[in-house]
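For reference, the structure is listed below as structure tokens.
A note on names: the letters A, B, ... follow the listed sequences, proteins ahead of strands, and every chain is numbered from 1.
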Amino acid sequence: MSAFDVMSDTELYQPVTVEDAVVLASRLAENAWLVAGGQDTYGWLKDRAKNTQAMIELSRIPELSGIKRSASGIEIGATTTLTEIANSKLIQQLIPLLGEAAQHVASPQIRNVGSIAGNIAQDTRCWYYRRGLSCYRAGGNLCYADTPEGMNREHCLFGASRCVAVSPSDTAPALVALGATIVIADSSGNHTIAAEDFFVGPDIDITRMNILKPGQIIVSIHIPADPEINVRHYFEKVADRNVWDFALVNIAVSLEMQAGKITKARFVCAGVDCKPYRLKEVERYCENKAAGSETAEGAARLAAKGAVPLNHNHFKIALMQNLVRRALRG
Amino acid sequence: MNAKLTRRRFIKGVIASSVAAVSSGSALYVNAASGAVHLGIVERLITLTVNGRKRRVDVLPQEMLADTLRKRLGLTGTKISCNRGECGACTVLIDDLAYYACSTLTHSVSAKNIRTVEGLQAADGTLHPLQQAFIEELSPQCGFCTPGQLMSAVALLQSSPKPTRQEARQALSGNLCRCGAYEQYLNGVMRASGQKRQTGKTGL
Ligand SMILES: Cc1cc2nc3c(=O)[nH]c(=O)nc-3n(C[C@H](O)[C@H](O)[C@H](O)COP(=O)(O)OP(=O)(O)OC[C@H]3O[C@@H](n4cnc5c(N)ncnc54)[C@H](O)[C@@H]3O)c2cc1C
Ligand code: FES
Ligand code: FES
């Protein structure tokens, strides 16, 4: 495959209202590609690994951008940038976990344009797939990463089903841990779905990473936040470099605390499954225990239970265990 | 002075956005013969504001800003290296924020202020304080990454005139330097902001 400097010819639409965008998206359906910041899109189109006849740019739609306090928490518009999220006082106060996650994405320049919706709807980074090889995910009949010679250091521990690619997003695990919901618009109206149910693995649909169908647009993301509840957040990302690199494993943790005990726990990792992976055994184990090194040790033992490592990614098991340990030690 | 500027910007912004709204329209035009949709489709001939000047230019729908700047407007100070958002050589300012010009559609910034390295020096040729400081600190080695480093540093000093060295390191973290002159660039930022180097034990 050769890399090209420029994208091939496409149309570009710049609607200024959500209604117009929905009309365009449903009319053009699979012939169009939604673009917010474009940071996941342009690589595909420049490499010609994927192509489109038209781009529908969402960043000129004012109602899609901004961070607001809502009755139950915080509402974030789909095209709000990661920089805006990381710098938001409201987010720092009420849901610091999301601000931390946004701050760890890519580089300052990418965060200045990359949107929250684009971040969760981004495609996987498996390089065989991104090179345009005809793998299962691309409609072929082989997973190049899961062969004896496959380079699969970055691939999954859980949820493999022919494809072993992982969810690359830093904000997705934070949104799942926070119990966020996502509002999606299409020609039939608005639909709300839990962040956890937004993502799909290859067992459900091997060609997509989420439930979005052509013609559907993420409008906003809602995160419940109650300042009365005492919550502890923890985010950590392990990557080869501090900038640009995707997480080998990241962890987003939300712990509701009462009288020194954990009453509700959410542990979510990216980089280990094709969708954000909830550590349910760890969650159950932590409930009604105090956060601290004793709980941390017990929880760490359960962190990667059931993992099925590939040739080159056994180290992710230790990473998961250590991240859980650190989250609970605080 | 500042208030005036902001008001002017605000008014300019309002004018720009109402023009955008009118030109994109909100009606749906469907070509009866082809069934093609023309809602908010871009015009190729647009006016860009680059370094304070209006430039009329013919831009393909899928064209990246780095190409428009270099190939159509002759502004070759903005470098293209990876062309994939992974190095920072193409960094420019869009409404005072650092963007990768290789990964920005020209059409998506047509209503915004674009600033490139060519726009840093004063009309009489006096260098920008950061350019001067980079020279005095011998920041560039080969110099290829320098325009990008400058633009990230300008963005930083505009929002935070006296950054700590750590803040500067963060702000320049989206700019690779193959020569490894990172500490020298940070020395330049500290000098331009009128501060001591604040280095650690290494003495760099
Ligand atoms: C060098 C590099 C490093 C990166 N590093 C990281 C990293 O460390 N962590 C990380 O999480 N990400 C990383 N990214 C990935 C990603 O580009 C950014 O995270 C960014 O947030 C994507 O947002 P965007 O708005 O630019 O996406 P776009 O490219 O505009 O969109 C991405 C996808 O989402 C869809 N989409 C966008 N908006 C909507 C919407 N409103 N409704 C429905 N679908 C929509 C698009 O159709 C497209 O398929 C990196 C990217 C690059 C190029
Ligand atoms: S050329 Fe744009 S980031 Fe490398
Ligand atoms: S000075 Fe040579 S790449 Fe930075």
Side-chain angles (χ1 to χ4, degrees), chain A residues 3-17 19-28 31-33 35-43 45-47 52-62 81 83-84 87 103 106-114 241-245, chain B residues 17 20-28 30 35-42 44 59-64 66-67 80 82-88 90-92 94-95 97-111 148 151-152 155-156 159 169-176:
Chain A
F4 294 81
D5 286 342
V6 293
M7 306 195 288
S8 49
D9 282 352
T10 55
E11 301 274 22
L12 174 64
Y13 294 89
Q14 296 183 321
V16 294
T17 66
E19 297 83 77
D20 288 358
V22 167
V23 169
L24 277 169
S26 54
R27 282 230 160 209
L28 298 167
N31 296 325
W33 189 308
V35 176
Q39 303 304 293
D40 186 41
T41 301
Y42 304 144
L45 300 183
K46 283 179 184 173
D47 290 344
T52 188
Q53 289 171 22
M55 292 187 277
I56 304 174
E57 199 188 70
L58 302 174
S59 50
R60 299 228 177 183
I61 306 175
T81 67
T83 296
E84 286 162 349
N87 293 343
Q103 185 63 40
S107 71
Q109 287 93 324
I110 289 178
R111 294 194 292 273
N112 282 344
V113 290
R241 298 178 297 177
N242 283 331
V243 184
W244 283 295
D245 272 343
Chain B
S17 59
V22 170
S23 66
S24 340
S26 21
L28 177 65
V30 182
V37 192
H38 296 287
L39 175 72
I41 201 160
V42 294
R44 276 184 51 168
V59 178
L60 294 172
Q62 75 276 18
E63 189 167 316
M64 290 297 166
D67 293 319
I80 300 179
C82 69
N83 199 15
R84 290 296 185 281
E86 293 185 41
C87 76
C90 63
T91 304
V92 297
I94 305 295
D95 284 353
L97 284 177
Y99 277 41
Y100 292 141
C102 74
S103 302
T104 301
L105 285 180
T106 307
H107 280 282
S108 68
V109 296
S110 58
M151 299 320 284
S152 286
L156 169 68
S159 64
R169 199 183 292 283
Q170 281 291 332
L172 270 57
S173 67
N175 292 76
L176 279 186

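- Using a 4.5 Å cut-off between heavy atoms, Cys90(B) makes no contact with chain A at all.
- Among Gly88(B), Ser108(B), Cys102(B), the residue with the largest count of heavy-atom pairs under 4.5 Å with chain A is Ser108(B).
- The side-chain hydrogen bond (donor to acceptor under 3.5 Å, both in side chains) check on Asn112(A) picks up Thr83(A), with sequence neighbours excluded.
- Evaluation of the side chain to side chain contact (heavy atoms under 4.5 Å, CB included) rule for Glu19(A) yields Thr17(A), Glu63(A) as partners, not counting sequence neighbours.
- Looking at heavy atoms from C-beta onward, Asn83(B) lies in side-chain contact with Lys46(A) at the 4.5 angstrom threshold.
- Listed options Asp67(B), Leu176(B), Ile94(B), Leu60(B) were ranked by heavy-atom pairs under 4.5 angstrom with chain A; first place goes to Leu176(B).
- Each of Leu97(B), Thr104(B), Ile80(B) has some count of heavy-atom pairs under 4.5 Å with chain A, and the biggest count is that of Leu97(B).
- For the residue pair Ser110(B) / Arg60(A), a side-chain donor-acceptor distance below 3.5 Å is found, with atom types taken as modelled.
- With a 4.5 Å cut-off on non-hydrogen atoms, Ala155(B) does not touch chain A at all.
- Ser8(A) and Gln62(B) share no side-chain donor-acceptor pair at under 3.5 Å.
- Under 3.5 Å, the side chains of Ser107(A) and Glu86(B) contain no donor-acceptor pair of N or O atoms.
- The contact between Met55(A) and chain B is made entirely by side chain atoms (from C-beta outward), counting heavy-atom distances below 4.5 Å.
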Derivation and outcome, side-chain contact (heavy atoms from CB on, under 4.5 Å), residues Leu105(B) and Glu57(A): CA-CA 10 Å; Leu105(B) 285 180; Glu57(A) 199 188 70; 3.9 Å; yes
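- Taken from CE in Met64(B) to CE in Met7(A), the straight-line distance is 3.5 Å, to the nearest 0.5 Å.
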